[in-house]
Amino acid sequence: MQSVYTMGRILAIDYGKKRTGIAVSDPLQIIANGLTTVPTAQLMAFLTDYMSKETVERVIVGLPKQMNNEVSENMTNITPFVNRFKKLFPSIPIAYVDERFTSVLAHRAMIDGGLKKKDRQNKALVDEISATIILQSYMENK
């Protein structure tokens, strides 16, 4: 019997043309953890598989904005993804979180965490950490 207190995870996506970073909360929605980075071409297959195994309550997508507050060109890639996602998973709400400084914060976190320069150049790791920051930001503001 499922407990009344269990919640689904919150999944965050740092969508990129080539790679997409993914982070996920614990079931109690307290802690954000980096999950993985997947080639963007395989993102829907990954999400379909993940959601068949885990309860996901909502999805957070990084909103790419420029310094003048206008959305950046990557939004032209994100919108079709979000539309496909809504068709496949109509019951899962999607929210956007401003991702303007996540890459900078990800690099800062890597430096603060003592990662060597070679590891900090791992773009997949940067994407995963960025997704974690997006998720953390959402969780702190909700």
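In what follows, residues are counted from 1 in the order of the sequence shown. As a basis for the values below, the full set of heavy atoms in this structure was taken, side chains included, without hydrogen atoms, waters or symmetry mates.
- Between atom CG of residue Leu11 and atom CD1 of residue Ile22 there is a gap of 6.0 Å, rounded to the nearest 0.5 Å.
- Side-chain contact between Tyr50 and Leu35 is present, with at least one heavy-atom pair separated by less than 4.5 Å.
- Applying the salt bridge (charged side-chain N to carboxylate O under 4.0 Å, His left out) test to pairs two or more places apart or on separate chains, those with a residue in residues 29-56 are Arg9-Glu54, Asp49-Lys53.
- For the atom pair CG (Asn68) and NZ (Lys65), the distance works out to 10.0 Å, reported to the nearest 0.5 Å.
- No path of Ile, Leu, Val, Met, Phe, Trp and Tyr side chains, each step under 4.5 Å between heavy atoms, connects Ile134 with Ile92, placing them in separate hydrophobic clusters.
- Tyr138 and Val61 fall into different hydrophobic clusters, defined by Ile, Leu, Val, Met, Phe, Trp and Tyr side-chain heavy atoms under 4.5 Å apart, directly or through other members.
- Residues Ile10 and Val24 fail the side-chain proximity criterion, which asks for heavy atoms closer than 4.5 Å.
- Under the 4.5 Å side-chain heavy-atom criterion for Ile, Leu, Val, Met, Phe, Trp and Tyr, Leu63 and Val97 are members of distinct hydrophobic clusters.
- To the nearest 0.5 Å, the span separating OG on Ser130 from CG on Leu135 amounts to 12.5 Å.
- Applying the side chain to side chain donor-acceptor pair (under 3.5 Å) rule to pairs touching residues 32-44 yields Thr20-Thr40, sequence neighbours excluded.
- Atoms NZ and CZ, on Lys86 and Phe81 in that order, are 11.0 Å from each other to the nearest 0.5 Å.
- In this structure, Ile111 stands alone, with no Ile, Leu, Val, Met, Phe, Trp or Tyr side-chain heavy atom under 4.5 Å from its own, directly or through other members.
- Note: Phe85 and Phe89 have tilted aromatic rings, judged against thresholds of 30 and 60 degrees for the angle between ring planes.
- Residue pairs satisfying the salt bridge (charged side-chain N to carboxylate O under 4.0 Å, His left out) criterion with at least one member in residues 103-117, sequence neighbours excluded, are listed as follows: Arg108-Asp112.
- Under the salt bridge (charged side-chain N to carboxylate O under 4.0 Å, His left out) criterion, the residue pairs touching residues 17-31 are Lys17-Glu73, Arg19-Asp127, with sequence neighbours excluded.
- To the nearest 0.5 angstrom, Ile31 atom CD1 is 12.5 Å from Thr132 atom OG1.
- Remark: Leu88 CG to Asn83 CG distance equals 11.5 Å, nearest 0.5 Å.
- Gln29 places a side-chain N or O within donor-acceptor distance of the main-chain N or O of Gly8, the cut-off being under 3.5 Å.
- Side chains of Ile94 and Ile60 form no contact here, defined as non-hydrogen atoms less than 4.5 Å apart.
- Nearest heavy atom pair, residue Met139 against residue Ser25, reads SD-CB, 3.9 Å.
- Under the 3.5 Å distance criterion, the side-chain polar atoms of Ser137 are left unmatched by any main-chain donor or acceptor of Ile133.
- Glu99 has its side chain out of reach of Tyr15: every pair of non-hydrogen atoms, C-beta onward, lies at least 4.5 Å apart.
- Arg84 is linked by a salt bridge (charged side-chain N to carboxylate O under 4.0 Å, His left out) to nothing, counting only residues two or more places apart in sequence or in another chain.
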